K.L.:
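The structure's right below; bear with me while I get my questions together.
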Amino acid sequence: MKADVKNLIPDIGRVYLVGAGPGDPELLTLRAVRLLQQADVIVYDNLVSEGVLEFVSPTAERIYAGKRRNEHTLRQEQINALLVKLAGEGKQVVRLKGGDPFIFGRGGEELQTLAASGVAFEVVPGVTAASGVSSYAGIPLTHRDHAQCCLFVTGHLKNGTADLDWPSLVRLNQTVVIYMGLSGLPEICRQMVAHGSLPELPIAVVQDGSLPTQKVVTGTLANMAERVAQAGLKSPCLTIIGEVVKLHQELAWYEPAKTAALA
Ligand code: SAH
């Protein structure tokens, strides 16, 4: 009897944890694009933009894993189990996450499950929101005259209060970038002033950074909560606090309509 070679060599499934960047598909890495075109199945989050999904092979299965605030479509354990199952079926799986998977993306948790289950994996970094969104807003995160240090923190509130290390956030000559800080913004501004920041310290909130719907609202710790409420900003928003925000006026360059016309 002739051996069926295909059955003797099982396909080895693998999970690629891929960063999709902040939204503009032009910010995908080459490796991300190649994997999106070759994968059997893509498991993607809410933050992954439509433009990025256009690079997915038409034959690939797409599974939406959700992760909108307070309405996780699949629970984290379900996502972990799904990745293990798909790889176990011999599939090439792209786990696609907004920004960079290792920055506030639970990428580490998902990989720990894969490692414990003996599933092979690779990580493809993406442009994280701090980097991509600040670039498209024309706000350099460091600048020799203003900031020699940059902190990335999560503003996600637990029981209505942000459990942040306030003394380290209010230091001078640094930029603070807050992920997931929209609903906690009034509390964050209040706490920073209470811990010694000047009420005049500049702050920007950027909605949909790098996308055609990008909006940048600037102000100070004293007036920002009101300005953001007036502007009706919606998630995802990135908050940038520090003297570098003043440069936005001079360095803002991104005009979605014009950039699209040139492309
Ligand atoms: N892993 C992602 C972050 C996930 S946490 C990364 O590296 O970027 C989700 C938060 O990221 C959002 O609440 C928001 O603060 C920020 N964010 C992601 N994409 C954004 C965008 N296009 N514009 C503004 N903020 C964004």
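Atoms within each ligand, like the ligands themselves, are counted from 1 in listed order. The structure displayed is predicted, hence computed values, not measured ones.
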K.L.:
Considering the options Glu122, Arg95, Glu110, which one meets the side-chain contact (heavy atoms from CB on, under 4.5 Å) requirement together with Val15?
P.N.:
Arg95
K.L.:
Checking Lys215 now: which residues fulfil salt bridge (charged side-chain N to carboxylate O under 4.0 Å, His left out) with it, not counting sequence neighbours?
P.N.:
none
K.L.:
Is there a side-chain contact between Thr218 and Ile203, using heavy atoms and a 4.5 Å cut-off?
P.N.:
no
K.L.:
Kindly say whether the aromatic ring centers of Phe121 and Tyr16 come within a distance under 6.0 Å.
P.N.:
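No, ring centres 6.0 Å or more apart.
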K.L.:
Side chains of Tyr254 and Gln214: any donor to acceptor distance under 3.5 Å?
P.N.:
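There is no such pair between these side chains.
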K.L.:
Enumerate the protein residues lying less than 4.0 Å from ligand 1, judged by heavy-atom distances, in chain and residue-number order.
P.N.:
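For ligand 1, the residues that come within the 4.0 Å heavy-atom cutoff are Pro22, Leu47, Gly98, Gly99, Asp100, Ile103, Phe104, Thr128, Ala129, Val133, Tyr179, Met180, Val206, Asp208, Gly209, Pro236, Cys237, Leu238.
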K.L.:
Can you confirm whether the side chains of Thr213 and Asp208 place a donor and an acceptor under 3.5 Å from each other?
P.N.:
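A pair is found: one side chain offers a donor N or O, the other an acceptor, under 3.5 Å apart.
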